[in-house]
Amino acid sequence: MARRAKAAVEKAAEAPTPAAATPRKSRSTTPTAENLAALSQERLIALILQEVGQSAPFKKRVSAAIAALQGPDRVAALIDRRLSALEKARGYIDWQKRRAFVADLDATLATIIADLKPLDAGMALDRLLRFLRGASATLERVDDSSGQVHGLYEAAAEAAAGLAAGLSADAALSFATRALDGLDDDGFGLVGALLLDLLPKLPKAALEPLDAHLVEALAKLPASAGKKTGPAASERAGPEWERRYQRLSLTRLRQVIADARGDADAFIALELEMSPERPDLAAVAERLLAAGRAKEALDWIRRKQKRGMAVVTREDLIVGGFDPEGPEREREAVEIRILDALGHKDEAQALRWSRFEKSLDPQALRDYLARLPDFEDEEALERAFAHAASQKDPHGGLYFLIRWPNLDRAARLVLDRREAWSGRIWELLAPAAEALEPDHPLAASVLYRALIDDILERGRSPAYGHGARHLTRLGELARELAPGDLTPSHAGYVAQLRKAHGRKSGFWSQVEG
């Protein structure tokens, strides 16, 4: 292939360019449709063949494009060969090989979506499902610390759900049934995610038979480890946690169908079946509220919830989105909606204010203020600002005042609690200082000093660049301050830093640079 590519390049270079194909001069060298159209066909072919000889994934994409000229069967055959190779592979893919593997996997997915789907959507959907069914085996043998491989499978699940949503009732039922049969080996939940996305979009006629299929699948699962007999039965059924996971997954899909059919009672019965000790009270109450049964919803939302383990997803850990107070806020938000539906306006308002007092959430305060009679909102807002400023730990109050925003009150809080600010909370103090700079240089200076002190006292060398920039800003802000506003003066503060941290050359080199 490399020799053919080289020969094509040489041939293209020797061939005269037809006058009609003389490329139009362009100021840009960025490859765009317009710029590429100006190249001769021979030049483009030479470039493609050259890249084909150097990139296996690109070669697969070009081969698929050529196969598409011969019909969907030829494209499907190329895809099937690659999927078979993936299913048979057993070797471990470490981080050094991961980049090439991701490119190859991406080429396979792109071939299904870009080349096969326009020719035969049904065939493409079948290959997407097969691709997803092989996810567990692939992910177990690859170092996917970057999440790239998992991301490709998530994209495949999303594409499959979108394709299947446009099927007729019979075709959708057939596809969803095949997908359900693959849940036994869905260790990473990708087929399950596909179904969770797909089921609400399916024609109503497909929902009842799918629910019956799920009931049948649940009946085949052993109820508990004690009901099996013999080692062979134990081996077939798998570990207890695996059986529980399968049961929960199937039951959750039945709940999705119940939602799609608007059957609140069926949803509640399934919730109690899944978790009799700790049902999701907010979820149950939301269904009852949507069904116009607000009194029942209020009873459910006010039931005592037994505490248990918090479920943290992989995505929560990656984006830092785990919020231990989130479930309680969600419960209170549902209760407020129920109280409004019942006409209990005063109770709803009291709960909104309570939410604000506990969380200093600006949206909770806005919701509260929006429902106050005219002329009462200003007094309530002042009460809210005073509450935020009176917190034992002032950082939460500052965060609220900056976000609201009320920069005058934020600056007052900074100056009233000068010694309380912790530079360790740089993700709050740094943007707060920037926000305060234009109109409140003294408050901004207090925060910048707290940040610099923390960086140097803890010897945080990776943050020395930030500290140097903060010190530069302090010098600029000092020119806007009156003598005696800040003790010591800027010159005195820098002298103190040099005395205490003069040996931290990594910091001072950036200051002086």
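For the single chain, residues carry numbers from 1 onward in sequence order.
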**OP:** Return yes if a side-chain donor-acceptor contact under 3.5 Å exists between Q148 and S146, otherwise no.
**Re:** yes
Original post:
Side chains of R178 and S174: is there a donor and an acceptor less than 3.5 Å apart?
Top reply: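 Indeed, the side chains of R178 and S174 share at least one donor-acceptor pair under 3.5 Å.
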Subject >> Pairing of D377 and R371 as salt bridge, 4.0 angstrom limit >> reply: no
Find the distance between [atom1] ([X]) and [atom2] ([Y]) and round it off to the nearest 0.5 Å.
X    : Y    : atom1 : atom2 : result
D346 : L339 : CG    : CG    : 10.5 Å
L281 : E286 : CG    : CD    : 11.5 Å
Q349 : I336 : CD    : CD1   : 8.5 Å
R254 : L210 : CZ    : CG    : 11.5 Å

**OP:** Name all pairs fulfilling the ring pair (Phe, Tyr, Trp, His ring centres under 6.0 Å) condition that reach into residues 114-142, sequence neighbours left out, sorted by first residue then second.
**Re:** F131-Y153
Subject >> Side-chain (E271) to main-chain (P279) donor-acceptor, under 3.5 angstrom >> reply: no
**OP:** Answer yes or no: does atom OH of Y399 have more than 12 heavy-atom neighbours from other residues, nucleotides or ligands under 6.0 Å?
**Re:**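 Result for OH/Y399: open.
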Could you list the donor-acceptor pairs under 3.5 angstrom formed between side-chain atoms of residues 160-168 and any protein atom two or more places apart in sequence or on another chain?
{"unit_1": "S168", "atom_1": "OG", "unit_2": "A171", "atom_2": "N", "d": "3.3"}

Who passes salt bridge (charged side-chain N to carboxylate O under 4.0 Å, His left out) against [X], sequence neighbours left out?
X    : value
E332 : R355, K358
D181 : none
D280 : none
E335 : R302, R331

Side-chain donor-acceptor distances from residues 192-207 under 3.5 Å, at least two apart:
{"unit_1": "D197", "atom_1": "OD1", "unit_2": "K201", "atom_2": "NZ", "d": "3.1"}
{"unit_1": "K204", "atom_1": "NZ", "unit_2": "A260", "atom_2": "O", "d": "2.5"}

Quick one: list whatever passes side-chain hydrogen bond (donor to acceptor under 3.5 Å, both in side chains) with [X], sequence neighbours left out.
X    : answer
Q96  : none
W353 : E357
T177 : none

Original post:
Within 45 degrees of the axis of the six-membered ring of W404 and under 6.0 Å from its centre: does R366 put its NZ or CZ there?
Top reply: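 Cation-pi check for R366 and W404: passes.
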Original post:
Distance under 6.0 Å and angle within 45° of the ring axis: does R287 meet both against F267?
Top reply: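 Yes, cation above the ring, under 6.0 Å and within 45°.
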Which donor-acceptor pairs under 3.5 Å do side chains of residues 109-121 form with protein atoms, sequence neighbours excluded?
{"unit_1": "T111", "atom_1": "OG1", "unit_2": "A107", "atom_2": "O", "d": "2.8"}
{"unit_1": "D115", "atom_1": "OD2", "unit_2": "R61", "atom_2": "NH1", "d": "2.4"}
{"unit_1": "D120", "atom_1": "OD1", "unit_2": "G122", "atom_2": "N", "d": "3.1"}
{"unit_1": "D120", "atom_1": "OD1", "unit_2": "M123", "atom_2": "N", "d": "3.0"}

Original post:
What residue among I338, V284, L289 forms side chain to side chain contact (heavy atoms under 4.5 Å, CB included) with I301?
Top reply: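 Looking at I338, V284, L289, the match for I301 under the side chain to side chain contact (heavy atoms under 4.5 Å, CB included) is I338.
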Subject >> Residue pairs, two or more places apart or on separate chains, that pass salt bridge (charged side-chain N to carboxylate O under 4.0 Å, His left out) and touch residues 166-176 >> reply: none
